[in-house]
Amino acid sequence: MIVTPLDSAILDSKEQYVFYHKMIDFTLKELIYAVQEKQILSQQEVLLFKQYSDLLLYSIEAMRVKYMYDDEENMKVDLTDSGFPNYLEFRYLFNDLELREEYLGKLTNTDVLKEEFLDTLMRKKEPIPKRKLFQAASIVYYTSAKKEYIFNRFVQGKILPAPEGSEEEYLVSWSFYDVSHNRPYICYMYFDYDGKNVQDYKDEIYSVLKNAADRDMNLDTMAYAIDKRLPKVFPKRIRRVDLGPLHNVFAKDENKVTHTILQSIANKEIPLESYAISFKIDELKSGSEFKEGSFFSKQTFQRWDAIFRQRYVFAPHRIIQLLYNKTPEIMNKLALAPIQISELKMDK
């Protein structure tokens, strides 16, 4: 049994790294499958959702390898309404891999390390010292991890034709890791374009999205900023997915779902690996248009409808029962009844 202090912000043992990585990997894959099965996102949105989730999983695996045998540094998990790694951990990965060649030059040669391992195990019959294991993990980390697959604070998706049957012409997606909540968000914008080739305008679109839509804010504020700064783009529909928090033993916040799960784990009513995932979608649609400006430089703006909010909870059956018993006021306000996903079973 792994003992994890309920108020711990730091993963400080090999067991905790294995446990945490398995939980993140398992829960995100369960979430992707359930979102697709329940058609909460469109088919094209699910494909993009998978791509962003893969970057997230790749980054967390790189963190696991990086910290596995490091006695001096420990990975930090954000405890406040998140359950995901602190955003700085992604920045550290990116910075490390910027200096890959410099770090590799300082590490022990792989062949030399193999000989030392064999000598220690076969001739001396002793376990490998932890500092040597850290050297080996560092070699794996710096030779296998790729900077382009790290989930950065802002990740830009390509401009695509909108799905067949859509009223809009184009779809662009992007994702960001909000530094105040330490959670990933995924955004989709369906839009029309006033020009011949939208790819000629992509740099302007990408720049505005990175500067005006890279953090959690009121969705109508985000929509207005995009609309105002891109006169050739007519945004018609924006969907923003808030992925989390991940309610589990590594979280600690005032969220009622998290608190219920932590309290039940502490009371030994449910196992340590129990979890639930909150999943929120905010959507904004353009109801009409209006023009503003002087006679010679009028710009068309969108008049937005009210924000449409949908809230979901994904959890194993046992946790759903617990949440219905302890937090019925939350469960009864969801867009759908809590969606059942599989239990995580850890080796004891």
Side-chain angles (χ1 to χ4, degrees), residues 40-55 94 148 150-180 184-243 280-310:
I40 292 171
L41 298 175
S42 70
Q43 187 173 1
Q44 192 166 18
E45 288 171 348
V46 167
L47 290 174
L48 294 166
F49 179 65
K50 285 180 179 177
Q51 291 173 14
Y52 292 119
S53 297
D54 283 345
L55 293 179
F94 200 79
E148 58 268 29
I150 299 300
F151 194 103
N152 214 340
R153 200 177 73 79
F154 182 87
V155 183
Q156 179 64 64
K158 294 179 180 179
I159 297 172
L160 304 169
E164 190 174 343
S166 298
E167 296 178 4
E168 307 85 7
E169 294 179 276
Y170 300 103
L171 163 64
V172 65
S173 67
W174 67 99
S175 183
F176 60 86
Y177 206 83
D178 186 79
V179 300
S180 58
Y185 289 72
I186 299 168
C187 301
Y188 308 92
M189 183 174 76
Y190 295 83
F191 66 97
D192 293 336
Y193 175 65
D194 183 17
K196 292 182 179 179
N197 186 350
V198 71
Q199 298 301 327
D200 294 339
Y201 200 56
K202 69 178 182 181
D203 290 342
E204 289 87 344
I205 293 173
Y206 294 164
S207 177
V208 167
L209 294 179
K210 185 173 183 179
N211 289 294
D214 66 335
R215 65 188 70 88
D216 182 29
M217 65 180 78
N218 289 334
L219 197 58
D220 47 5
T221 302
M222 177 193 288
Y224 178 75
I226 295 170
D227 197 16
K228 184 174 179 61
R229 298 183 194 187
L230 291 170
K232 293 184 180 181
V233 168
F234 302 144
K236 296 298 183 180
R237 183 159 51 105
I238 298 176
R239 304 188 87 192
R240 181 178 63 199
V241 175
D242 178 0
L243 207 173
K280 299 176 277 294
I281 301 176
D282 286 351
E283 183 168 346
L284 200 57
K285 289 184 179 180
S286 169
S288 59
E289 296 179 346
F290 67 95
K291 293 184 183 294
E292 194 174 88
S294 67
F295 180 79
F296 295 102
S297 60
K298 284 188 180 296
Q299 184 175 341
T300 301
F301 292 101
Q302 307 303 309
R303 187 173 281 114
W304 299 100
D305 293 339
I307 298 172
F308 179 53
R309 292 187 166 93
Q310 296 169 289

Pairing donors with acceptors under 3.5 angstrom, does anything connect the side chains of Tyr188 and Ser42?
no
Shortest non-hydrogen separation from Pro231 to Tyr201 and the atoms involved:
CD-OH, 3.5 Å
Is any side-chain heavy atom of Val198 closer than 4.5 Å to a side-chain heavy atom of Phe191?
yes
Asn211 side chain vs Ser207 backbone, donor-acceptor pair below 3.5 Å
yes
Is there side-chain contact between Asp282 and Arg239, with heavy atoms separated by less than 4.5 Å?
no
Taking the ring centre of each residue, are Tyr185 and Phe176 less than 6.0 Å apart?
yes
Just verifying a value: how many Å separate Thr221 OG1 and Ile226 CD1, rounded to the nearest 0.5 Å?
11.0 Å
Inspect the contact between Asp178 and Arg153 and indicate whether a charged nitrogen and a carboxylate oxygen are less than 4.0 angstrom apart.
no
Using a 3.5 Å distance criterion without hydrogens, assess whether the side chain of Asn197 forms a donor-acceptor pair with backbone atoms of Gln199.
yes
From CA spacing to verdict: side-chain contact (heavy atoms from CB on, under 4.5 Å), Ser173, Phe49
CA-CA 9 Å; Ser173 67; Phe49 179 65; over 6 Å; no
Minimum heavy-atom distance between Arg240 and Asn218, given as atom pair plus value
NH1-C, 4.5 Å
Working to the nearest 0.5 angstrom, can you tell me the gap between Asn152 CG and Asp214 CG?
11.5 Å
Evaluate Leu160 against Val172 for side-chain contact (heavy atoms from CB on, under 4.5 Å), listing each step before the verdict.
CA-CA 6 Å; Leu160 304 169; Val172 65; over 6 Å; no
Sub-4.5 Å side-chain heavy-atom contact between Glu167 and Asp192:
no
Measure the spacing between CG of Asp194 and CD of Glu169 and express it to the nearest 0.5 Å.
9.5 Å
Does any N or O in the side chain of Ser166 come within less than 3.5 Å of the main-chain N or O of Ala162, such that one atom is a donor and the other an acceptor?
no
Will you find, in the side chains of Lys210 and Gln156, an N or O donor that is under 3.5 Å from an N or O acceptor?
no
Give a yes/no verdict on a cation-pi contact between Arg237 and Tyr190, requiring under 6.0 Å between NZ or CZ and the six-membered ring centre and an angle within 45° of the axis.
yes
A side-chain contact here means heavy atoms from C-beta on lying under 4.5 Å apart; do Tyr52 and Pro184 qualify?
no
Residues Tyr170, Met189; criterion side-chain contact (heavy atoms from CB on, under 4.5 Å); working and verdict:
CA-CA 8 Å; Tyr170 300 103; Met189 183 174 76; over 6 Å; no
I'd like to check Ile238 versus Glu283 (side-chain heavy atoms, cut-off strictly below 4.5 Å). Are they in contact?
no
What's the spacing between Glu148 CD and Leu55 CG if we round to 0.5 Å?
10.5 Å
Note: Ser286 and Pro235 closest approach over all heavy atoms is CB-O, 4.0 Å
Pair Asp216, Asp242 - check side-chain contact (heavy atoms from CB on, under 4.5 Å), show working.
CA-CA 9 Å; Asp216 182 29; Asp242 178 0; 5.9 Å; no
Heavy-atom check, side chain of Leu219 versus side chain of Met222, under 4.5 Å
yes
Point-to-point distance, once rounded to the nearest 0.5 Å, from CG of Asp305 to CG of Asp220:
11.5 Å
Would you call Ile186 and Val155 a side-chain contact if the rule is heavy atoms closer than 4.5 Å?
no
Phe234 versus Tyr193: any side-chain heavy-atom pair under 4.5 Å?
no
With a 3.5 Å distance limit and no angle check, can you tell me whether Asp227 reaches the backbone of Phe301 through a side-chain donor-acceptor pair?
no
Approximate separation, where rounding is to 0.5 Å, of Lys285 NZ and Gln302 CD:
14.0 Å
